[in-house]
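The basis for the numbers below is simple: all heavy atoms, side chains too, and nothing from hydrogens, waters or symmetry mates. Protein chains get the first letters and strands the later ones, always in sequence-line order, with residue 1 at the start of each.
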Amino acid sequence: MAKDSDDPQGNPLREGIATRSVPQACTVVIFGATGDLTHRKLIPALYNIAADGELPPQLAVVGFARRAKSDEEFRGELEEAARKHSRQTLRDDLWKGFAGSVFYHQSEFADAEGYTRLAQRLEQIDAERGTGGNRLFYLAAAPDQFEPILQHLAAAGLNKSAQGGWARVIVEKPFGTDLASARKLNSIVGTAFPEHDTYRIDHFLGKETAQNILVLRFANAIFEPLWDNRYVDHVQITAAETLGVEGRAGYYEGAGALRDMVQNHLLQLLCLVGMEAPTDLGADSVRDEKVKVVRSLRRLSAKDVAVNVVRGQYAEGAISGKPAPGYRSEKNVNPSSQTETYVALRLQIDNWRWADVPIYMRVGKRLPKSGTEISVHFKKAPPVLFNKESQGLDQNVLVIRIQPDEGISLRMQAKMPGTSFRIEPVKMDFHYGTSFGKASPEAYERLLLDAMAGDATLFARRDEVEQAWAFIDAIEEAWHVAERAPKLFEYPAGSWGPDEADDLLARDGRTWRRL
Amino acid sequence: MSAITEPPTFAAGVPVEIAKIDRELKKLWEQGGEVMTRASLINLAVYSEQPASLAENTRIVSEITREHACRAIVIAADRGAVVDRAEAWISAHCHISRAGGKQVCSEQLSFALSGCYIGMLANVVFAHLDSDLPFYLWWQGELPDPIDPQLWTWVDRLIYDSFAWQHYDEQMRLVEAAQEEAHQRVVLCDLNWTRLVQIRLAIAQFFDGANPRDRLRDIDRVQITFAPGYRSTAILLTGWFAAQLGWEKSATFGSAAIHFADKGGNTIAVALREGEGEPISGCSLFSAGTEYRVEHARGADLLCVSTHVKGTERMRQLMPAGSNDPVRLMREELMRGGPHRVYLRAVKAVRDLI
């Protein structure tokens with residue numbers, strides 16, 4: 001979160017012009033520098049923040065990867081990728097300046113000597129550019145490479161800064177595949193870097209609207225008094241995609257929708273909606289409150305999973321009028337795959353605020369429309385006056401749209417013009433894109449700046465990750481280990497998921513919100 | 001949809017009776033139908049006494065509304081005219097939304113006032129504010145003395161450009177009186193200060209982090225190069241250093257040099273040099289053998305920042321430079337917001353020098 005720009009401990013020349021934590025000069029070392037994430041997200045993000053003037057000019061980027069190539073070749077590849085993926089059109093003069101701070105370091109991830117050479121190169125960069133010994137290591141490599149990378153960083157002494165600066169590590173998801181592997185990964189990371197220097201990135205938290213949830217809740221006095229079980233009937237969180245697995249079948253087959261989306265993105269959104277007000281906007285104050293939400297989630301027994309969780313897999317269908325194959329016919333997918341591409345859950349947060357307020361979540365691929373949103377459904381007005389049984393008015397619904405078309409809407413009742421007394425729902429709608437002409441930065445831009453500034457608020461903490469896995473593991477166990485595993489339902493591509501997901505709400509007299 | 005009809009005086013909208021503005025605006029939006037979305041986050045009033053300002057300010061507002069949806073109220077006052085005249089026009093500035101195919105539109109009310117109507121500014125014009133939205137008043141040129149005190153009960157931010165003032169101290173006194181009148185609620189926004197945002201950011205970044213920050217204590221020399229006519233901008237920049245680093249003015253040497261003393265009694269020599277180029281084309285700070293240099297790259301909207309240790313260049317990078325164009329200055333100002341406390345401190349530190 002933005003720090004107080006009047007911080008007397010800070011740079012006095014920043015007062016009044018810094019509206020966020022200030023990134024510090026450093027060298028960003030990217031492991032997996034020739035990979036997709038680097039090309040599509042990291043380099044375009046770094047270029048954009050440089051173009052916006054928010055990147056410390058001393059900053060250097062070192063790409064660490066196996067293939068042999070020169071600095072110039074590496075810069076050429078990155079330029080091509082940045083031209084394709086950057087939010088802002090590449091300016092030659094700015095790119096030239098930025099590219100001059102980018103270097104390539106060739107080494108195997110498991111080669112100790114490569115790290116010794118890296119240390120020497122970083123020292124040289126410190127001396128040349130004045131990066132003050134600050135290093136930000138970004139693990140953009142495959143998760144099975146994290147362990148050797150971290151071990152070698154520690155062995156080469158790169159996990160500590162020699163000049164009194166700092167050394168931080170950004171870990172990309174997945175943070176493990178279950179609680180045991182997450183603990184193992186956390187312990188490997190923890191051996192090399194202390195928790196306060198570990199940044200687990202979940203790009204959902206870098207999205208403007210996700211950050212705006214806290215502003216909506218705690219900068220407005222009107223919502224918080226209604227934000228509990230006295231006024232909220234239920235909450236729905238939806239993450240719908242029209243896409244299938246695309247090129248990710250290898251990963252997705254082993255993960256499925258629950259691990260891929262619910263464990264991280266959706267539970268993080270739930271935390272932001274369900275948390276208590278933090279004592280301040282410091283990273284740990286916010287994360288302390290978020291982890292309490294996950295800890296308060298009612299754990300599901302195998303029997304509960306059968307009743308409260310629905311899993312599905314898309315079959316052949318159509319998206320936007322075009323035929324779409326079933327999941328099992330996708331490239332690199334096992335023809336008898338049991339991997340879920342859709343999950344719907346009914347959750348309960350067992351705390352004072354949310355007791356008896358069901359939280360419905362759904363996530364799915366090959367749904368008719370893409371969109372991620374949170375909807376808070378308020379209780380109906382008392383059944384008197386306008387809300388008598390014969391009329392049955394709709395509930396007020398506050399919708400926070402995360403993507404696309406980020407914004408907030410509120411549904412309320414209004415009298416239709418005319419002499420008769422007809423009441424209809426109307427929507428007050430706020431669109432970021434309409435109200436603010438300036439485009440929001442990409443999530444990775446915000447998160448990279450935060451990591452350089454030492455602000456971990458929008459990154460997942462170890463206990464958050466482990467608590468989330470503990471909750472998810474119970475469901476996975478019921479699906480895959482329990483003797484009578486619940487059925488994997490099919491749904492046609494282009495539908496809103498299996499009928500059983502609708503039944504999950506229908507049992508409670510509710511329906512999914514229409515996106 | 002600007003310039004729906006072509007009025008004889010200027011091409012900025014449909015002429016309307018002042019008493020019927022609300023009704024005509026409603027009609028305007030009804031014509032737009034489903035394809036147009038009206039958006040407004042602020043009331044932005046632009047006041048000018050320059051001839052032909054309505055057309056120029058309409059152009060500026062049109063550009064501003066690409067990033068800052070607002071209800072714009074553009075006022076042209078003619079103090080020289082002997083006739084009492086109050087005319088109004090309405091129009092809309094529409095831009096394609098970045099969220100999709102919809103047109104996002106901001107409405108503009110334009111007023112031409114002369115004679116007795118100028119004294120009724122608050123009554124005639126500001127009755128048309130979009131309720132509940134903040135009110136920003138951009139006053140172009142010199143403020144009159146006295147100003148209608150009723151005005152300050154409406155205004156949230158007063159925007160002006162002290163660069164254009166002939167009598168800085170007098171004008172500043174009026175501005176401060178206005179702020180006093182509004183019980184300090186009005187935020188003072190000087191575009192001459194906004195002009196310095198990017199150069200201040202470029203200078204500030206040198207001193208991020210504990211070690212570089214220590215170097216601030218050792219600054220003993222500052223060189224600022226400013227374009228002809230922009231001495232007040234350079235003085236404001238000097239005031240920023242003095243206010244933020246705790247320097248007190250100790251001596252002046254003509255218009256080219258000022259000496260300050262820091263809290264330890266050490267002297268800091270500030271040299272002001274006039275040169276062609278951008279309002280502030282360069283600024284160097286010297287501290288313990290290191291020069292921290294920010295220069296406006298020639299012919300580009302970029303700042304070149306570099307450090308030089310004992311004559312050797314150690315680091316060189318480009319940063320955005322901002323622009324002296326009124327549209328860009330206003331966009332920057334509207335985007336940043338904030339209480340501008342540092343500005344007031346900077347003014348206080350060098351007020352007698354501007």
Side-chain angles (χ1 to χ4, degrees), chain A residues 5-6 9-19 22-26 50-60 91 93-98 100-101 125 127-134 163-166 401 404-407 429-440 452-453, chain B residues 37-41 64-69 95 97-100 102 104 197-198 200-213 216 240-241 243-246 297 300 302-307 309 314-322 331 335-343 345:
Chain A
S5 56
D6 292 351
Q9 301 305 312
N11 175 356
L13 299 183
R14 284 280 186 187
E15 186 185 348
I17 42 175
T19 52
V22 176
Q24 292 160 37
C26 65
D52 286 344
E54 297 210 58
L55 208 58
Q58 302 90 332
L59 184 119
R91 280 183 54 166
D93 44 9
L94 277 175
W95 173 262
K96 199 176 159 197
F98 173 74
S101 64
I125 289 170
E128 284 170 6
R129 300 188 63 86
T131 39
N134 297 329
Q163 298 177 28
W166 45 259
R401 291 186 304 274
D405 190 17
E406 302 99 317
D429 215 350
F430 158 69
H431 298 256
Y432 265 85
T434 302
S435 294
F436 301 106
K438 196 174 162 69
S440 300
M452 287 180 221
Chain B
T37 300
R38 174 181 167 268
S40 185
L41 295 178
I64 290 172
T65 55
R66 286 180 187 278
E67 289 189 4
H68 302 276
H95 309 287
S97 154
R98 67 182 167 86
K102 266 206 163 184
V104 180
V197 166
Q198 295 301 334
R200 288 196 296 132
L201 277 167
I203 292 167
Q205 57 77 29
F206 286 124
F207 304 99
D208 289 331
N211 293 339
R213 197 155 58 239
L216 286 170
W240 175 58
F241 290 126
Q244 295 307 100
L245 302 178
L302 295 169
L303 293 173
C304 180
V305 298
S306 55
T307 53
V309 183
R314 215 176 126 182
M315 185 276 304
R316 186 183 176 83
Q317 195 54 277
L318 295 172
M319 294 180 76
R331 279 185 181 166
M335 188 186 76
R336 293 199 163 267
H340 292 340
R341 284 192 287 264
V342 176
Y343 163 68
R345 288 208 295 269

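Closest non-hydrogen pair, A:A60 versus A:T131, comes out as N-CG2, 4.4 Å. The minimum heavy-atom distance between B:P320 and A:A51, with the atom names listed, is CG-O, 3.1 Å. Smallest separation of non-hydrogen atoms from B:R213 and A:N11: CD-CA, 3.4 Å.
With a 4.5 Å cut-off on side-chain heavy atoms, A:M452 and A:V22 do not count as touching.
Aromatic ring pairs are classed by plane angle as parallel below 30°, tilted from 30° to 60° and perpendicular above 60°; the pair B:Y343 and B:H340 is perpendicular.
Within the 4.5 angstrom heavy-atom criterion, atoms from both the backbone and the side chain of B:R200 approach chain A. For B:L41, the part lying near chain A is the side chain, with the backbone staying farther off; criterion is any non-hydrogen pair under 4.5 Å. In this structure, chain B has no heavy atom under 4.5 Å from any part of A:N134. Looking at B:R38, neither its backbone nor its side chain comes within 4.5 Å of chain A, counting heavy atoms on both sides. Proximity to chain B (any heavy atom under 4.5 Å) is restricted, for A:P23, to the backbone atoms N, CA, C and O. Looking at B:L245, only its side chain comes within 4.5 Å of chain A, counting heavy atoms on both sides.
The residue among A:G100, A:P56, A:G130 with the most heavy atom pairs within less than 4.5 Å of chain B is A:G130. Ranked by non-hydrogen atom pairs under 4.5 Å with chain A, the options B:F241, B:F206, B:W240 are led by B:W240. Heavy-atom pairs under 4.5 Å with chain B peak, among A:G53, A:P12, A:A25, A:P57, at A:P57. Counting heavy-atom pairs closer than 4.5 Å to chain A, the top residue among B:L302, B:L303, B:I203, B:L216 is B:L302.
Residue B:R316 places its CZ atom among 12 or fewer non-hydrogen atoms of other residues, nucleotides or ligands, all under 6.0 Å distant.
B:Q205 places a side-chain N or O within 3.5 Å of a backbone atom of B:A202 that can act as its donor or acceptor partner.
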